[in-house]
There are 2 protein chains.
Amino acid sequence: MTVTIYDVAREAGVSMATVSRVVNNNPNVKPQTRKKVFEAIERLGYRPNAVARGLASKKTTTVGVVIPDISNSIFAEVARGIEDIANMYHYNIILCNADKKKEKEIRVINTLLEKQVDGLLFMGGAVTDEHVQAFKTANVPIVLCATTDEQGTIPSVDIDHEAAAFDAVNALIQKGHRAIAMISGTLQDPANGYARFQGYKRALEQAGIAYDESLVRVGNYRYESGIEAMKYFLELKDTPTAVFSATDEMAIGAIHAIQDSGAKVPDDISVISVDNSRMASMVRPQLSTVAQPMYDIGAVSMRLLTKLMKKENVDDPKVVLPHEYISRQSVQPV
Amino acid sequence: MTVTIYDVAREAGVSMATVSRVVNNNPNVKPQTRKKVFEAIERLGYRPNAVARGLASKKTTTVGVVIPDISNSIFAEVARGIEDIANMYHYNIILCNADKKKEKEIRVINTLLEKQVDGLLFMGGAVTDEHVQAFKTANVPIVLCATTDEQGTIPSVDIDHEAAAFDAVNALIQKGHRAIAMISGTLQDPANGYARFQGYKRALEQAGIAYDESLVRVGNYRYESGIEAMKYFLELKDTPTAVFSATDEMAIGAIHAIQDSGAKVPDDISVISVDNSRMASMVRPQLSTVAQPMYDIGAVSMRLLTKLMKKENVDDPKVVLPHEYISRQSVQPV
DNA sequence: CTGTTAGCGCCTTCAC
DNA sequence: GTGAAGGCGCTAACAG
């Protein structure tokens, strides 16, 4: 039924070892024999069994990717970056959604490790001790992608979320805004949540603006929650003149909530956010936002992982990619 | 270094076979011995090697997924449906982007097959003879996801793209529109391209409206191409009163192009499309569109694949999921 | 340059 | 209910 390396060897009149060599591009084969083998392969329709190869060589050329949610455009973009580079280095990826649930994350990490992936890319919520524990039992490299661990002991690639948020809010302050509301992500989320909130606070503080709790609403990253949060702000006696959203999608919700109320963006209220997803320029007015290089985060982390897997030494295992403020149409001086 | 089933057997004072039985939940093990084995596993931190298991059992509990582009929200949604169901049945997925390029598709199909996936989900451009050829050499089940083959010989799950487009255009016609433009996808693409274009033509024909070539522009599915196409229509001496876009994203581009020109949607021009991606309700006015159940297409196709892999018999290997017109705010009577 | 020989870690009859 | 033994298909020394 299935044709094996042994069949090819017999057909070509050589040994298994030789077939293995040509299949693996080992130069130590006479061109003639190589040709014979290729012909036999062709004739028999031989297809190498990667599982057997993996068992024998202890390499699967497969990496595990745990991601919060592939249907979230931000992560999908990162995933594309990962896959492109993986592909370039002849790796395949096993993708697992874990929705930032610790339990699910630990579970998939383990099944990925059982599958003998050569490396692991972890994109998730908080990196807890349990995670670190699970990573330790792996004897393959791990890199955190779009997150970091507290202790800074695990290789990672991410942007500086706190600074990105700071820059966004600061852009508002530079335009004269002082009543600046924030639509935050959940504070349990270290990157998109907590760090961005901290950046907001620091920017206010530096400008001598008192932090006002009633100017902060926590959303769930979705469009609707942006709308809800904004509606709340709109009903305040002192409506803010600007709002900073932790993510684009909620920002778009905010823009629409403002517009639906009859007010104008940015004339009445300015809106700014962090992400620069493709949607940012698919709204009117186009959204001003601090760009986070999603694709690159994926690509760079996969590249880093390949180096780790090849045991090449890397200078800095903690890479922080630059963010950049993109000024479009949703912000104007107060 | 790595602890194997043999180590566990020795530690527990039983044979490898017994360990294998408890790991695989084989009931023929005395509770006592089962307990002993579990303890040994715990103590040693044993983790089954899925590669070895795969080689011995000829099952990898892994399925291959070839997808055009995971960063496209439509496909990302499908992928989420796939992964959720895969997960439910304890399968993992290897994801490969192939950008609807035939060559790349064939290549990844082959590497997926080399990796001994238990089944394959194919989401791509046209299904050519070469594809069918590649599928034949696989001795695992394949299901087409969000596409179909001409001959209808391969299991698949999709919507009726032609009918969906027809319904959309017909909704316009029912509102009295006659000058209806179309922003199409590339005609080489059987599903989103050709079929939807055919639906457009059939709707016109049935209403006795002459087909006008100048009212059709081919886009590349992206927002910008929707803008471009619409700009073209806007400059026609007889501007259409409605436009049908093959996809949401181009439709949103069209809406913005109209708005940027100073006209209003739907007052001056109505816009309708097919997809109902999340973005459809994230525009003002909200987009009226024929919904295509992306998540379900993924889920159902994965479910079908599990049946095929278990050699259960399926009544109908060609499933066509229903589509549905969602009326929002972008269409109004002429 | 090429062949021989052991495994890789596990499953799976087949006996007991 | 449990153990022994033979592969699964391939790679990797080690000879020659």
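Scope of the values below: all heavy atoms of this structure, side chains included, with no hydrogens, waters or symmetry mates. First the proteins, then the strands, lettered A, B, ... as listed; each starts at 1.
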Do any side-chain nitrogens or oxygens of A/Lys58 fall under 4.0 Å of OP1 or OP2 in D/dA12? no

Are B/Thr186 and B/Gln188 linked by a side-chain donor-acceptor pair shorter than 3.5 Å? yes

Side chains of A/Thr62 and B/Lys115, donor plus acceptor under 3.5 Å: yes

Is any side-chain N or O of A/Ser15 closer than 4.0 Å to OP1 or OP2 of C/dG3? yes

Looking at D/dC8, C/dG3, D/dC10, which one has an atom nearest to any side-chain atom of A/Thr18? C/dG3

Taking only side-chain nitrogens and oxygens of B/Thr33, does any of them come within less than 4.0 Å of OP1 or OP2 of D/dT2? yes

Using the closest heavy atom to pick a nucleotide of DNA chain D for each, name whichever of B/Ser57 or A/Ala56 lands nearer the 5' end. B/Ser57

How many whole angstroms separate atom CD1 of A/Ile41 from atom P of D/dG9? 16 Å

So does A/Ile106 get a backbone contact from the side chain of A/Asn110, meaning a donor-acceptor N/O pair under 3.5 Å? yes

Using a 4.0 Å heavy-atom cut-off, does B/Val14 contact any base of the nucleic acid, only the sugar-phosphate backbone, or nothing at all? sugar-phosphate

Value in whole Å for how far the P atom of C/dG3 lies from OH of A/Tyr6: 13 Å

Looking at B/Asn28, I'd like to know whether one of its side-chain N or O atoms comes within less than 4.0 Å of OP1 or OP2 on D/dT2. no

I need the B/Ile142 CD1 to B/Phe122 CZ distance, nearest 0.5 Å. 9.5 Å

For B/Lys35 and D/dG1, give me the distance from atom NZ to atom P, rounded to whole Å. 18 Å

As a test of reading the structure: which of D/dT11, C/dC10, C/dT2 is closest to the side chain of A/Met16, going by heavy atoms? D/dT11

Checking side-chain polar atoms at under 3.5 Å, does A/Asp189 have a donor or acceptor matched by the opposite partner on A/Tyr221? yes

Starting at NZ of B/Lys115 and ending at P of D/dC10, how long is that distance when rounded to a whole Å? 15 Å

In whole Å, I'd like the distance from the CG atom of A/Asn24 to the C1' atom of D/dA13. 15 Å

Find which nucleotide of DNA chain D each of B/Val29 and A/Tyr46 is nearest to by heavy atoms, and output the residue with the more 5' nucleotide. B/Val29

Nearest-Å distance for atom pair NZ/C1', residues B/Lys36 and D/dT2: 10 Å

Distance in angstrom units between B/Arg10 CZ and C/dC10 P, rounded: 13 Å

When you measure from the side-chain N and O atoms of A/Thr2 to the phosphate of D/dG9, is any distance below 4.0 Å, counting only OP1 and OP2? yes

Closest to the 5' end of DNA chain C, once B/Ala17 and B/Leu55 are matched to their nearest nucleotides, is B/Leu55

Working for salt bridge (charged side-chain N to carboxylate O under 4.0 Å, His left out), residues A/Arg80 and B/Asp99: CA-CA 11 Å; A/Arg80 186 45 144 131; B/Asp99 298 304; 2.3 Å; yes

Please state how far atom CG in A/Asn26 lies from atom P in D/dT11, giving the value in whole angstrom units. 11 Å

Which is true for B/Asn49 with a 4.0 Å heavy-atom rule: it touches a base, it touches only sugar-phosphate, or it touches nothing? sugar-phosphate

Side-chain N,O (A/Ser20) to OP1/OP2 (D/dC10) below 4.0 Å: no

With a non-hydrogen cut-off below 4.0 angstrom, is B/Thr4 in contact with a base, only sugar-phosphate, or nothing? sugar-phosphate

Of the listed nucleotides (D/dT11, C/dG3, D/dT2), which one gets closest to any side-chain atom of A/Arg53? D/dT11

Under the 3.5 Å rule, do the base of D/dG3 and the side chain of B/Arg21 count as making a donor-acceptor pair? yes

